[in-house]
Every structure is written in C-alpha cells, then in structure tokens.
Amino acid sequence: MSAALLETRALCKRFGGLIATDDVSLEVMRGECHALIGPNGAGKTTLISQLSGTLRPDGGSVHFAGRDVTHLNAHQRAMLGFARSYQITSILNEFTVVENVGIALQAVSGSSFRFWRPVAAETALEDEAMAILRQVGLEALAARQARGLSHGEHRQLEIALALATKPQLMLLDEPMAGMGPEQSENMVELITGLKGRYTILLVEHDMDAVFRLADRISVLVAGRVITTGLPDEIRGNAAVKSAYLGEETTN
Amino acid sequence: MTWILFLEQCLNGLQFGLMLFLLVAGLTLIFGIMDVINLAHGSLYMIGAYLVATLTQATGSFLVAVPLGLAATAVIGMIIEVLVLRGLYKRDHLSQVLATFALILIANETTRAIWGLQALTLNVPEALSGSVQLLPGLHYSAFRLAIIAVGLMVAAVLYFVVVRTRIGMLVRAGASNRQMATAMGTNIKWLFTAVFGAGAALCALAGAMLSPLLVVQVGMGESILILAFVTVVIGGIGSMRGAFIGALLVGIVDTFGRAFIPPLLRTILPPALADAAGPSLAAISIYLLMVVVLFWKPQGLFPAGG
Amino acid sequence: MAWLKRHGWLVAACLVGLALPKLFTMIGQEFYISVASRVLIWALLATSLNLLVGTGGMVSMGHAAFFGFGAYVVGIVALDAPQWSAAPVVLPLAMAATGLLAFAIGSVCLRTRGVYFIMITLAFAQMLFYIFISLKGYGGDDGLQLAKRSPLGALKMADDTVFYYFVLAILAVCLVVLARLRDSRFGRVLRGIKDNEARMESLGYATFRFKLTAFVIAGTLAGLAGALMANQNGFVSPNMLHWDISGTVLVMVILGGLGSLWGGLAGAVVFMVLEEVLTAFTPHWQIILGLILLGVVFFAPKGIAGLFAGKTR
C-alpha cells in the first residue's frame, strides 16, 4: 500500500444514464510503468481525466502518495507532481515549441506573478527547455510555431510538456495515437528512457508497445477493470481476448 | 399593502414575465444550438414594435397590424441570419459581439432615419381599453389580461412544438449537443434560419403587445435585451423550461422590487436613506437575483444538456 | 541607427504627440487640443480593455462600469471631501477604489466562461448604471458638475494645453508599464491562458488568479481613464457607465488591433477620425460605422495593427 504512488478506490462516474467509470479501484506502484488497455469506448480517457483532476468523479476517491486528492483540481494536482499528456493534442498553438516548454517550466520555477522583467531574459529557462526538447528529439524545431508541427511532432511536444513540470506521476493518454511504425518506435524508446525515473500510467492501443513497456497491465472494459496483472498473464487471459474480439490489435 | 395591490402586482409580474419569455425563448435557443451571442435580438423587438405601431396607424386596426408586423419582422430576421449570422457560427465570441453590435448601430440609426427622433405612441386597442373586474375590488386592465392570455397561449404552443414534434426534438437535441446538430449537415442551416425567424417573430410579438404600454423609441431594444440576458443566465442556456421559469421569476422579482422595496424601506429606514436607497435597490433587484443564482448554480437553474 | 529604424514609428508617434498642441494653435484650431486629450483618454481606456480581451481572451462587455466609477470617485470627492481633490490624491484614490470594484465583480464574473461571461459583465455594468442614475444626491440622471480640475501643484490644470500634456504623460507611463507586463512572466501566462486554458491548468497554473489579476489591472486603468475624463469634461454622468461605452471601446480595440500594445491608441484615433469624417457626410453616420465594423469583423479581423504586423511588435 505504501509503495502505491497513485491509488483509486471505487471510482465512479456517470453521464446521465451512461456509466463511464464503474467502481474502479486501481493501484500504480512507485516507479512502475502501468498500462491501461481496453476497447474503444471503455472509458479510458474519462478515467485519466478524473485522475488528473479535470473531471470530478461522482463517487469514490483518488489518492496520491497516501494523500486524498479527490477534491483537488487540475492545477493543484499538477503542483503535487501530476503531469498529463492528452490523447487529442492540447498544446499552446500560438507559441513556439521552445516557448511551450518554457511556459511549462515556468510553472515550476518560481512565481509567475512577476510583471516587470521580460521573460525572454531568463536564459536559464530557455536552456532547460532546449534540454528537454533534445530529450524528446524536437530541438531542431524549437523556433517553429507549435501550430505548424506535424502530428507526430505534436505528440512529441505533448511528452515534452509532461516532462517539463518535473512530475512524479505521468499520465500518458495514447501518446502513439495516429503515429506510423517508425515514429511509434521512437516514442517507445523515449518512454523506455523514462521508466524508473517516473511513475507512468500509460493508456495505449498499440499492443506491441504496451507489452514492451508495461510492468503491469490493467484492462478496462465498459468502465470496469476486469483484470490486472503481469504482461504474460494478460496476454493469455481469455476474458481479455474476448473483450478485444473485433478490435484491431497489432502483434 | 393590501391583498388587492399584491394580486395586482402578481398579475403585472406575470404579464411582464410572459412577454420577456417571448424574447428569451428565441435567444436561449440561439445560444444553445448555435452558440452565437446575438446582441441585436433586442433590435428585432424594437423593429416589431415600430412596424406594428406604424401599421396600426396605417390600417386603423391593431388586429390586422400584428400578423403583418410579425411576418415582416420574421423576414427581416431571416435575412439578417443569412447575411450576417451564418458567417459568425464558426467565429469566436468577440467577433459575434462586434458584428451584432454593428447590427444594433445600423438598426437604431435606420429606425431614427425612417421614423425620426420622436417616440411613437400607440393607444390600447378600443376593444380592450376597459378594465375587467376579477375579484370584488380588483379591476385589471383588459389589455394586460389579453397580454397574459397571448403569452400563455404562445408558451403552450412552444411547449408543444419543442417537446412533442420532430422539429422540436431536433432543436432540443441541437441545444444540448451542438456537435450532433452540426454533424447533421446542410439541412441544419435552414433549420437555424427557421429558428431565427421564429425567434424574430416572437420578439416582434412581445414588442407589439407591449407597445401600447411602453414608449416605442430607439433604444427600447437594448434595455430589454439586458433583462433577457439576465433571464438566460438565471434560467440556463438552451432550455425552454429555464427560459419560462427564469422569465417569470425575473418578471415577478422586478415588478415586486419596484412596487414594494421603496415602501418597505421607508418603514424600516430613516426617510432620507430610504429615499436614496429605495429606487436603486428596486432597479437592481433582478441583478442581485442573478448573482445569487450564479453562486448557487453557475450554469443557471435548468441548463440544457444537464 | 538600427534602433531608430526598428522603433521609427514609436519615435514619430512621440514627436507628433508632443507637438500636437503647437500644431493646432498654429492653424488656429485650439479647440482640437481638448479633443486630442479626449482621444488620449479613450486610448487609455481601450488599451486597458485590450489587456483583458486581446491579451487575456476575456471578452468583457462591462468595461464602462470601471470607467464611470473612476469618474464618479472624482466627482463625489470634489463634492463631499474637497480636501482630497488634489490630483496626486484623488487619482490614486479613484484607481484604488475601481480596483477593489474590479476585484469584487471579477471574482463573480470569472467563475463563468464564454457567452455567460459576456452577459454577466454586461449585467454588472448595467446594474451600476442603474445605481448611479438613482443616486439623487449625486446628480442622478443629470450627473455631477465638477467645479474645477483636480489641482496638481502649481500647474494650471484649467489650461487645456497643460492638461493635454498631463494626460499624455500618464498614457505614456501606462503604455510603458503595459509593454513590460506583456513581455513578463505574467503576460506570457495570460497569453497562454487565452490560447489553451485547460492545458495551462494542467501545467499547474491557477488560471483563475491570473485572470482575476488581469481583470483588476484592466479595471484600475479604466478607472484612471474615467477620472481623467471627469477632469477633462468637468462633468460626470451615469451615461459613462452605459453599455454604449463598453461597446464603443470594444470597437476601438478591434479597429486598432486586438492584443497589440498600440491597438488601443490606434483604435481610438481611427474611431475619432471616422466619427469626424462620417458626421460630415450624414447625420446617420452610425449606419456607415456599423457597415464598416461588419467589414472589419468579416474581412480584416486583425484591425490596423494587423496591417502593420511585422513592423512593430
């Protein structure tokens, strides 16, 4: 219990008559890469939103490092060490790539209620932003406007933003969404490099990536976690297979 | 404060609220389905009032003038929708505010150009100029009763159309899920035009019914528009039920506020203070109501889409 | 020399601004000096709104509330506490009082978004309008006369030229402050919130606090503009809180350039010139203004500053 960085207890969310999250009790251990898989419409993004604080659950609780954070909103959880990347790219379109990361860094480097000094003068911030861009492979595009990036580059920027806030927990929502094989490979390598240093909850459809990256896997179907276990256990699990009948998987 | 006075004010509040509902119904649907903020909604109310007043003078008959005025305003509304509003659906709110503000400028000045600066006065139609005895001691204007009757009838028709017909279902679905509405393609464009036209007709009806009671002048649209906005905030965007209950609430609170707050204050405060504070409090009672509702229910009392 | 090339427009604007009273006197149109003062005050008001709308993305239709409130502070002090009427006292007082008002109103309004926010700011301004109209003790409908302009040491504030330079100096200081603000950490966060508020929240920014701060700054500067206008006209009226003013300032912002530092000034000048020119053509100039505005919204949404994009920042 004490090794669990993130824990949910009986989390519930309904939208009118639709039960999106059904009594979900999940544990993510410190330092592990925990994958969350499930067919489309299983409620994975809804669950991530409740973990990041963007969505309030109707019942149950969320705990971080032993502390009940259910009533904290998104920015408060970010300050505690949550970071999130979005399934549908959500970046700052009007800023350059390096500015995007700089803004993320700014959030954790002192107060932003400073009104006089030009932020461009803070070379330390910019250097650190460049370092992060190097880490995700975007340093060549630093001065490009974020809006003008390709889809794959957007996904990389999502990871960069998540890294910049120096989190303890990273909630990655389909980082490989819409990526071709080569880009997916790069993303897998990137995330492999993050394992151990960060605790990761990874939502993904790309089964190849999931089995390579995950320490443990939870399967979400119709809002319920039907099973949690080691990759080999999940691979052979009949209930999981039947839940995916008709779903596209890569293997 | 007698029971007669109280009942009278109840009726006044009901009458005002029902007319307000006519404006708000169109407004809230436009907000709800199309996510467009339309500042010129009050201008349609003004145009309706002016047209009906002028047609009544021209034809000598209020009853003939009203349907003509309504039809004309509906057409004007639909023209505005096609020419201006259609270009705004995908734009940001600031562009919508500016463009519809421009429409107000054009509408007001055009009205001034055509009708001059003098306010129009319209007499209550002969047939309804008397009063009706509702209870011993309670005489109420026949015309105001007619307004209440018309208001209730229109509310009933709207309820039927929105809740029980297919078109109404499309409109309500659109109000609670805009993506679904826009995904339905080109047919939706003409549905929007029709809804806008209907909204314009409702505004014109309110303008027509109220014109013998209020002053018909440029600027009348804006003062009622803000009341309509406050009602939408209180009632909730996109919901007919919210529009109806919100409008009645606003109508009654405003009427009661103006009638009863000044005398009430005079009984509990020294006269100088009461005379200073009374009219202010009366005028802002509905805004205070809005603030209270906002704190309790930030999405309004009955927002569409839950 | 390179500095001059980059900031050429700035230098030219400053020179014109400084020389304007002399120019008007030379052509025998001294009356225009007070017109110019008014334009500068509108420029301050528009610039303050531009911070809110252009930089912060918060479309407020209630900015007139702060403009009028600042003006009334000056009027009420002149009436009830004339010992505080000196400019160095009453102007900061107007700013502080308006700032508090902006804090109160902003705390309520900023809980809402989008269409709601627009309507609620409008409603609050209208509420204040009705309050001031009903204050018979302070002129009610008719407004308040100001016996004289707020004195500033030995300066002859009654002299339109002197007052013009006073307003010019204040505007210049405010523009410098706002320029620094835009490029500061705070300014960047504000622009980020306009871009993608949800993302900024998940990065750890308490976006409500930033928006409220911007709202208070904008309101405070609007109050200053109102106080200056009261001085300029010698008169305070509830019409200063009317939403006509809120709309007009918004029009200036879009004409001049949303989000740009000079947008407020450019917009105020363009609007005044337009008004002068159009009024000469027809008494129904507002129709043409409306059509021009529609044209701008549909075809030139970036306003004047958009045409100069790249030349100035």
Side-chain angles (χ1 to χ4, degrees), chain A residues 48-49 51-55 72-86 88-95 99-122 125 145-147 157-158 160-167 171 173, chain C residues 48 51 53-57 99 103 110-111 113 173-218 220-221 258-261 301-302 306 309-310 313:
Chain A
I48 296 281
S49 292
L51 295 175
S52 72
T54 330
L55 207 56
L72 295 186
N73 59 28
H75 93 260
Q76 289 166 318
R77 294 189 203 189
M79 287 285 98
L80 283 182
F82 281 65
R84 174 186 178 169
S85 82
Y86 287 73
I88 301 174
T89 303
S90 175
I91 53 178
L92 303 170
N93 279 306
E94 308 300 322
F95 292 84
E99 279 174 336
N100 263 265
V101 182
I103 289 173
L105 280 169
Q106 194 182 313
V108 294
S109 341
S111 166
S112 284
F113 282 97
R114 298 206 195 134
F115 306 89
W116 189 258
R117 198 168 170 240
V119 71
E122 294 189 50
L125 266 183
Q145 216 202 14
R147 183 196 290 281
L157 185 53
E158 281 280 344
L161 288 178
L163 280 174
T165 53
K166 305 190 184 48
L171 304 167
D173 196 349
Chain C
S48 72
L51 174 69
V53 180
T55 309
F103 185 82
L110 287 168
R111 287 159 174 254
R113 302 270 158 87
V173 168
C174 289
L175 283 174
V176 169
V177 168
L178 285 173
R180 299 294 294 216
L181 195 129
R182 280 179 91 235
D183 294 333
S184 71
R185 278 195 167 207
F186 177 80
R188 187 156 87 160
V189 172
L190 200 60
R191 280 181 289 133
I193 292 175
K194 179 188 183 194
D195 196 318
N196 189 338
E197 184 169 356
R199 197 53 162 123
M200 293 298 279
E201 264 205 72
S202 70
L203 288 175
Y205 288 105
T207 57
F208 179 80
R209 274 177 234 163
F210 286 91
K211 295 200 306 193
L212 184 57
T213 307
F215 197 84
V216 170
I217 295 175
T220 305
L221 290 176
L258 194 67
S260 89
L261 180 66
K302 295 221 191 288
R313 227 213 128 207

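Protein chains get the first letters and strands the later ones, always in sequence-line order, with residue 1 at the start of each.
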Sort out for me which of [options] touches chain C most, counting heavy-atom pairs under 4.5 Å.
options: Ser52(A), Ala104(A), Pro118(A), Ser112(A); value: Ser112(A)
options: Ala164(A), Ser111(A), Gly53(A); value: Ser111(A)
options: Arg77(A), Gln106(A), Arg84(A), Met79(A); value: Gln106(A)
options: Leu80(A), Thr165(A), Asn93(A); value: Asn93(A)

Search all heavy atoms of [X] against all heavy atoms of [Y] and return the closest pair with its distance.
X: Tyr86(A); Y: Ser202(C); result: OH-OG, 3.2 Å
X: Ser109(A); Y: Arg185(C); result: O-NH1, 2.8 Å
X: Tyr205(C); Y: Ile103(A); result: OH-O, 2.6 Å
X: Phe95(A); Y: Asp195(C); result: CD1-OD2, 3.7 Å

Spacing of [atom1] belonging to [X] relative to [atom2] belonging to [Y], to within rounding of 0.5 Å:
X: Asn100(A); Y: Leu203(C); atom1: CG; atom2: CG; value: 8.5 Å
X: Arg209(C); Y: His75(A); atom1: CZ; atom2: NE2; value: 5.0 Å
X: Thr213(C); Y: Phe113(A); atom1: OG1; atom2: CZ; value: 4.0 Å

Item to check | Non-neighbouring partners of Ala162(A) that pass side-chain contact (heavy atoms from CB on, under 4.5 Å), sequence neighbours left out | outcome: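 Residues passing side-chain contact (heavy atoms from CB on, under 4.5 Å) with Ala162(A): Ala83(A), Met170(A).
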- Task: Check whether any side-chain heavy atom of Leu92(A) lies under 4.5 Å from a side-chain heavy atom of Met200(C), and answer yes or no.
- Result: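 A side-chain contact exists here, since the closest heavy-atom pair is under 4.5 Å.
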(request) Determine, for Arg199(C) against Glu158(A), whether the closest basic-nitrogen to carboxylate-oxygen distance falls under 4.0 angstrom. (result)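 Between Glu158(A) and Arg199(C) there is a salt bridge, with a charged N closer than 4.0 Å to a carboxylate O.
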Problem set entry | Derivation of the side chain to side chain contact (heavy atoms under 4.5 Å, CB included) call for Asn196(C) and Ser90(A) | CA-CA 8 Å; Asn196(C) 189 338; Ser90(A) 175; 2.8 Å; yes
I would like to know whether Glu94(A) and Arg191(C) meet side chain to side chain contact (heavy atoms under 4.5 Å, CB included); could you show each step before the answer? CA-CA 9 Å; Glu94(A) 308 300 322; Arg191(C) 280 181 289 133; over 6 Å; no
Can you name the residues that form a ring pair (Phe, Tyr, Trp, His ring centres under 6.0 Å) with Phe115(A), not counting sequence neighbours?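 Partners of Phe115(A) by the ring pair (Phe, Tyr, Trp, His ring centres under 6.0 Å) criterion, ordered by chain and then number, come out as Phe186(C).
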Tell me whether Ser184(C) contacts the main-chain N or O of Arg114(A) through its side chain, where contact means a donor paired with an acceptor under 3.5 Å.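 Judged by distance alone, yes, a pair lies under 3.5 Å.
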Practice prompt. Sort Gln76(A) into side chain, backbone, both or neither according to what part of it lies under 4.5 angstrom from a heavy atom of chain C.
Written response: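 Answer is neither: Gln76(A) stays 4.5 Å or more from chain C.
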